[in-house]
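Before any comments, here is the structure.
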Amino acid sequence: MYSSDEHMEAFPPTKRQRTSHCRTSESLIEQSQFWFTDGDIVIGVEGQLWKIHRSKLMCSVIFADMLELPQPTDIESMHGCPLVNLSQDSANDWIVVLTWMYQYEKFTNQTIVFDTIAGALRLSNKYDIAELRQWSIRQLFWRWPQDLTKMTYSAFPHAAEAIRLARECNVPEILPASFYALSILRWSHLADGGQSHLHLSPSDLRCLIVGREHLQDHLYAILTGADERSGGHTTTICACCENASRTWLTSSLEPDASSPYGVWLLRNLHLFAANGCSGLSLHHSRCDVNFRLRVSGFVQDLQEAIPRYFMLRA
């Protein structure tokens, strides 16, 4: 494996070897990072150049197929190496991928930010780099899990960008959690959701609005006892305990007006089911048991309903 500085020049040559096809390369700038003296291919992206090793690109099915083909004799070259201009790619995305290729330990030990995941996924998806795509998807699943009860506060930053990335790179599994996280954010508080409309397509913005309306109706049904949905609660509680439990639910699910988050209904219900209903004292033990069963049913019903609410599932 090549280290980050093995065979790397402190600074690339200041004078470029020119060919009869140099016009395209005149505006490109050679980068000291990922410029190897023994590199055998030059990659150009957004005005930046990297002289790297073909062997590193063989992890990509697309590049492996391309490099195995006979190369034309008049191909544009630089410093005796083929020059490949990737005009549709992002230089920042390529820096992410090159760091993964050449500095794997640094890559895996760094603090992983969303831009790193997105860049890795975009290029691994485009150029069919299976290992990097799998890494990227694992990172997305950690932030936007398929089990919505395991969603944490890490799901809120970049939720809108995650929706766009999932659509672009075919990772539909994160859509329920990313839509749900975005629906909880209060845009008026200028939280991460404040710019979300700039990232969402018109169709996804509609999915978000429809989903939020369904969630509001769902909360109302729970608090009023008007839960007539298929699978709604059927456990029996006496009238006295019913009133007490409903009053407790209303108080417990009331959002903090100063918080950038609205009602995180699934999380609250899951905590009630797992840890008990602190502060609630019902007159009859049987009613207490039935109320806990009811809350568990709320969790299951809501988790199953969320993808449908956001029009992600029929």
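Residues take their numbers from the sequence shown, with the count starting at 1.
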Inset, instruction - Could you walk me through whether Leu200 and Arg164 pass side-chain contact (heavy atoms from CB on, under 4.5 Å), step by step? - result: CA-CA 6 Å; Leu200 296 177; Arg164 184 174 64 183; 6.0 Å; no

Legend entry - Pair Phe156-Tyr261, ring pair (Phe, Tyr, Trp, His ring centres under 6.0 Å): steps then yes or no: CA-CA 9 Å; Phe156 294 115; Tyr261 308 107; 4.6 Å; yes

Inset, instruction - Kindly give the heavy-atom pair with the smallest separation between Leu175 and Ala166, and that separation in Å. - result: CD2-CB, 3.8 Å

Legend entry - Nearest heavy-atom neighbours spanning Pro176 and Leu148: C-CD2, 4.1 Å

Inset, instruction - Please check if Met66 and Val45 belong to a single hydrophobic cluster, counting links between Ile, Leu, Val, Met, Phe, Trp and Tyr side chain heavy atoms closer than 4.5 Å. - result: yes

Inset, instruction - Decide if the gap between the ring center of Trp264 and the ring center of Tyr153 is smaller than 6.0 angstrom. - result: yes

Inset, instruction - Please step through side-chain hydrogen bond (donor to acceptor under 3.5 Å, both in side chains) for the pair Glu46 and Asn92, ending with a clear verdict. - result: CA-CA 9 Å; Glu46 290 187 335; Asn92 287 335; 5.9 Å; no

Inset, instruction - Step through the shown structure and confirm whether more than 12 heavy atoms of other residues, nucleotides or ligands are within 6.0 Å of CZ on Arg286. - result: no

Legend entry - Nearest-0.5 Å distance that lies between atom OG in Ser124 and atom CH2 in Trp135: 9.5 Å

Legend entry - Between Glu168 and Asn125, a side-chain donor and acceptor under 3.5 Å: no

Inset, instruction - Would you please test Phe310 and Asp204 for side-chain contact (heavy atoms from CB on, under 4.5 Å) and show each step? - result: CA-CA 9 Å; Phe310 292 104; Asp204 280 334; over 6 Å; no

Inset, instruction - Could you give me the CA-CA distance, side-chain angles and deciding distance for Phe107 and Val96, then say whether side-chain contact (heavy atoms from CB on, under 4.5 Å) is met? - result: CA-CA 8 Å; Phe107 181 87; Val96 169; 3.8 Å; yes

Inset, instruction - Would you indicate whether the side-chain heavy atoms of Pro82 and Ser77 approach each other to under 4.5 Å? - result: no

Legend entry - Side-chain donor/acceptor of Arg246 to backbone N/O of Thr224, under 3.5 Å: yes

Inset, instruction - Without swapping roles, check the side chain of Asp128 against the backbone of Ile62 for a donor-acceptor pair under 3.5 Å. - result: no

Legend entry - Salt bridge flag under 4.0 Å for residues Arg294 and Glu242: yes

Legend entry - Tyr309/His218 under ring pair (Phe, Tyr, Trp, His ring centres under 6.0 Å): CA gap, chis, key distance, verdict: CA-CA 10 Å; Tyr309 286 171; His218 196 117; 5.7 Å; yes

Legend entry - Under-4.0 Å salt bridge between Lys51 and Asp40: no

Legend entry - Contact summary for Ala177 and Met151, nearest pair of heavy atoms: O-SD, 3.6 Å

Legend entry - Backbone N/O of Ile112 and side chain of Thr116: donor-acceptor pair under 3.5 Å: no

Inset, instruction - May I ask you to test the Val171-Leu165 pair for a side-chain heavy-atom distance under 4.5 Å? - result: no

Inset, instruction - Give a yes or no on whether Ile43 and Val61 share a hydrophobic cluster (residues Ile, Leu, Val, Met, Phe, Trp, Tyr; joining criterion: side-chain heavy atoms under 4.5 Å apart). - result: no

Legend entry - Intermediate values then yes/no, salt bridge (charged side-chain N to carboxylate O under 4.0 Å, His left out), Asp89 and Lys126: CA-CA 10 Å; Asp89 293 349; Lys126 180 176 181 178; 2.5 Å; yes

Legend entry - Ring centres under 6.0 angstrom apart (Trp144, His158): no

Legend entry - Leu269 CG to Ile222 CD1 distance, which is reported to the nearest 0.5 Å: 5.0 Å

Legend entry - Spacing of SG belonging to Cys169 relative to CG belonging to Leu121, to within rounding of 0.5 Å: 4.0 Å

Inset, instruction - Find out if a path of hydrophobic residues (ILVMFWY) with successive side-chain heavy-atom gaps under 4.5 Å connects Leu205 to Met311. - result: no

Legend entry - Shared hydrophobic cluster, Leu86 / Met58 (ILVMFWY, side-chain heavy atoms < 4.5 Å): yes

Legend entry - Rounded distance [0.5 Å steps], CD1 in Ile306 versus CG in Leu266: 5.0 Å

Inset, instruction - State, to 0.1 Å, how close Cys81 and Val42 come at their nearest heavy-atom pair, and which atoms those are. - result: CB-CG2, 4.0 Å

Inset, instruction - For Ile41 and Leu57, run side-chain contact (heavy atoms from CB on, under 4.5 Å): C-alpha distance rounded to whole Å, both residues' side-chain angles, the deciding distance at 0.1 Å, then the answer. - result: CA-CA 10 Å; Ile41 189 170; Leu57 295 174; 4.1 Å; yes

Legend entry - Pairwise side-chain contact, Asn290 with Leu293, heavy-atom cut-off 4.5 Å (strictly under): yes

Inset, instruction - Heavy atoms only: give me the nearest Asn85-Glu76 pair and the separation to one decimal. - result: ND2-OE1, 3.8 Å

Legend entry - Taking every non-hydrogen atom, the tightest pair across Gln33 and Trp50: O-CD1, 3.0 Å

Inset, instruction - Group every Ile, Leu, Val, Met, Phe, Trp and Tyr by side-chain heavy-atom contacts under 4.5 Å, then state whether Leu271 and Leu219 land in the same group. - result: no

Inset, instruction - Would you check if Ile117 and Arg143 make a side-chain contact, meaning some heavy-atom pair closer than 4.5 Å? - result: yes

Legend entry - Close side-chain approach of Ser296 to Val299, heavy-atom, < 4.5 Å: no

Inset, instruction - For the pair Arg186 (side chain) and Ser259 (backbone), establish whether a donor and an acceptor sit closer than 3.5 Å, ignoring hydrogens and angles. - result: yes

Legend entry - Tyr102 and Phe36 aromatic centres sub-6.0 Å: yes

Legend entry - Min side-chain heavy-atom separation Tyr180-Leu215 under 4.5 Å: yes

Inset, instruction - Before giving the answer on side-chain hydrogen bond (donor to acceptor under 3.5 Å, both in side chains), spell out for Ser258 and Asp256 the whole-Å C-alpha distance, their side-chain angles and the decisive distance to 0.1 Å. - result: CA-CA 5 Å; Ser258 63; Asp256 181 354; 2.9 Å; yes

Inset, instruction - Would you check if Phe34 and Gln103 make a side-chain contact, meaning some heavy-atom pair closer than 4.5 Å? - result: yes

Inset, instruction - Flag the pair Phe272 / Leu280 as yes when at least one side-chain heavy-atom distance between them is below 4.5 Å, and no otherwise. - result: no

Inset, instruction - Mind checking the OG-CD1 spacing from Ser178 to Ile163? Nearest 0.5 Å is all I need. - result: 4.5 Å

Legend entry - Whether Gln300 side chain and Gly297 backbone form a donor-acceptor pair below 3.5 Å: no

Legend entry - Spatial distance of atom CG (Asp38) from atom CD1 (Ile52) [nearest 0.5 Å]: 11.5 Å

